[in-house]
Protein chains: 2
Amino acid sequence: MNTEKLVKLDRIDRKILEELQRHGELSNQELSERVGLSPSPCSRRVKALEEAGIIVRRVTILDHKKLGLALTAIILIGMDRHTPERFEAFERQVGEYPEVQECYLITGQDADYMLKVVVPDMDHYHEFLLNKITRIQGVSGVHSSFVLRRVIDSTALPLGYL
Amino acid sequence: MNTEKLVKLDRIDRKILEELQRHGELSNQELSERVGLSPSPCSRRVKALEEAGIIVRRVTILDHKKLGLALTAIILIGMDRHTPERFEAFERQVGEYPEVQECYLITGQDADYMLKVVVPDMDHYHEFLLNKITRIQGVSGVHSSFVLRRVIDSTALPLGYL
DNA sequence: GAAAATTAGCAAGCACATTGCGCTTTATTT
DNA sequence: AAATAAAGCGCAATGTGCTTGCTAATTTTC
């Protein structure tokens, strides 16, 4: 199984992860200084963390407003029937839409899925909802909320529990 | 103002952003090949995109399961009074908690804030809710949902609208 | 259609990442 | 507790990739 949480992380590994999850642009040289190591063992540790699958990938965060993507919506979706076929079809379809940044199957009586969707404006959102979401088989209830302000928008995990 | 959406992006810029927002680890050399450019102008374009603020930052995505952070919760929170003081205090407090990955002020009658929270397990979640969230002045309603499965978990923006 | 400005490509210099190796430190075993 | 084994750090060298100046070509503007 892939459940190899046997990977032991010491204090320096945690420091490396803490730095990298916020500053992915750091050079190995600067990273090594921040964690109190010389470049070579630092490079080796990062490589090991990648191979262990703890470091999954690197991404670049873009400014949505400057790209004309001003509207972020949170959509709660309920399904009519809770069958595997319904869920599979929904997930396959939703995966085709680049507007969907996040899609989670969640607990709760109100909804089955929570989506985070990014579009230029309300017109485009309306169109997205009508032509894409509500057309998917099995979607029975849809509740939209809109993001007024991004108080916290991070990808960092809490490493204090390790 | 910072509302300089006057930044003109041609086809190559869009290609660069499309690649980088999914593959932040790409070397400039490989990126230049993918977008059909030689290394030097590619490097210059990336630098320009950074200086224009379109590229905000680079981050590293970690595997939460391998780090023993198996529980992700979606929390909808309602406030008793909709005063600026209440909101400011709430946001300041929430910003102190590393478990909170996302916090949005949202529209809707059911809730004022939506939070995405990452913790090791249900025990820790319970503790987090009791000792941290419900202790914040003004929090009146709290509704928790838990992520059963991550269907889509991306940071990529839809660049097709540009 | 001509001039100006922007941008690509080349080459060189430079910085950085990486690998091998000896040494120190930590862990293990008797 | 001593000796041996194992893991990890740092140094130095090599190789790769990034970046900057300059010329040529392309695109844009008047």
Side-chain angles (χ1 to χ4, degrees), chain A residues 2-63 66-68 155-156 159-160 162, chain B residues 2-63 66-68 155-156 159-160 162:
Chain A
N2 211 5
T3 322
E4 30 171 344
K5 266 184 292 187
L6 313 170
V7 195
K8 54 188 176 203
L9 300 173
D10 61 14
R11 192 173 38 82
I12 296 177
D13 285 323
R14 266 177 272 147
K15 263 190 180 178
I16 289 175
L17 295 176
E18 198 74 70
E19 289 293 332
L20 282 185
Q21 76 173 341
R22 280 175 225 283
H23 309 286
E25 78 284 355
L26 282 182
S27 68
N28 180 62
Q29 201 167 252
E30 196 168 337
L31 177 64
S32 70
E33 288 172 14
R34 293 196 185 190
V35 303
L37 229 59
S38 69
S40 28
C42 184
S43 171
R44 277 188 265 254
R45 276 172 184 263
V46 172
K47 192 180 171 189
L49 289 167
E50 285 168 348
E51 284 169 357
I54 292 176
I55 291 179
V56 179
R57 64 183 197 278
R58 319 287 191 114
V59 301
T60 303
I61 307 296
L62 308 180
D63 188 305
K66 289 195 175 146
L67 292 170
T155 55
L159 302 183
L162 306 187
Chain B
N2 210 6
T3 323
E4 30 171 344
K5 266 184 294 187
L6 314 170
V7 195
K8 55 186 175 202
L9 300 174
D10 61 13
R11 192 172 39 83
I12 296 177
D13 286 324
R14 266 176 272 145
K15 264 191 181 178
I16 289 175
L17 295 176
E18 198 74 71
E19 289 294 332
L20 282 186
Q21 76 173 343
R22 281 176 224 283
H23 309 287
E25 78 284 354
L26 281 182
S27 68
N28 180 62
Q29 201 167 252
E30 195 168 337
L31 177 63
S32 69
E33 288 173 13
R34 292 196 185 191
V35 303
L37 228 59
S38 68
S40 29
C42 184
S43 171
R44 276 188 266 253
R45 277 173 184 261
V46 172
K47 193 180 170 190
L49 290 167
E50 285 168 346
E51 284 169 358
I54 293 176
I55 290 179
V56 179
R57 64 183 197 279
R58 320 285 191 115
V59 300
T60 303
I61 306 296
L62 308 181
D63 188 305
K66 288 195 175 148
L67 292 169
T155 54
L159 302 183
L162 307 187

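In the text below, chain A, chain B and the rest are named by the order of the sequence lines, each starting its count at 1.
Ion pairing between A/K15 and A/E19 fails under the 4.0 Å rule for side-chain N and carboxylate O.
For A/L37, counting side-chain heavy atoms from C-beta on, the closest listed nucleotide (D/dG10, D/dC18, D/dT19) is D/dG10. Here the nucleotide nearest the side chain of B/P41, chosen from D/dG10, D/dG17, C/dA8, is C/dA8. Of the candidates D/dC9, C/dA8, C/dT18, C/dA8 carries the atom nearest the B/R45 side chain, counting heavy atoms from C-beta on.
Atom CD of A/E30 is separated from atom C1' of C/dC16 by 13 Å (rounded to the nearest Å). Between the C1' atom of D/dA7 and the CG atom of A/L9 lies a distance of 16 Å, rounded to the nearest Å. The CD-C1' distance, from B/Q29 to C/dA11, rounds to 15 Å in whole Å. In this entry the distance linking CD1 of B/I12 with P of D/dT27 reads 11 Å, nearest Å. The distance between atom CG of B/L31 and atom C1' of D/dG17, rounded to the nearest whole Å, is 13 Å. Taking atom CG of A/D10 as the reference point, atom P of C/dT25 lies 17 Å away to the nearest angstrom.
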Next on the checklist: Run the side chain to side chain contact (heavy atoms under 4.5 Å, CB included) test on B/V35 and B/R45 for me, step by step, so that the C-alpha distance in whole Å, both residues' side-chain angles and the decisive distance to 0.1 Å come before the verdict.
Outcome noted: CA-CA 11 Å; B/V35 303; B/R45 277 173 184 261; over 6 Å; no

Item to check | Stepwise side chain to side chain contact (heavy atoms under 4.5 Å, CB included) check, B/L49 with B/L20 | outcome: CA-CA 11 Å; B/L49 290 167; B/L20 282 186; over 6 Å; no

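Comparing B/R44 and A/N28 by the nucleotide of DNA chain C whose heavy atom lies nearest to each, the residue mapping closer to the 5' end is B/R44.
In terms of heavy-atom proximity, B/T60 sits nearest to A/G24 at OG1-CA, 3.8 Å.
At D/dC18, none of the side-chain N or O atoms of B/S43 fall inside 4.0 Å of OP1 or OP2 (strictly under the cut-off). Dashed line: the shortest gap from a side-chain N or O of A/S27 to OP1 or OP2 of C/dA15 is not under 4.0 Å.
One can find a donor-acceptor pair under 3.5 Å joining the base of C/dC10 and the side-chain atoms of B/S40.
Using a 4.0 Å heavy-atom cutoff across all strands shown, A/S38 reaches at least one base atom of the nucleic acid.
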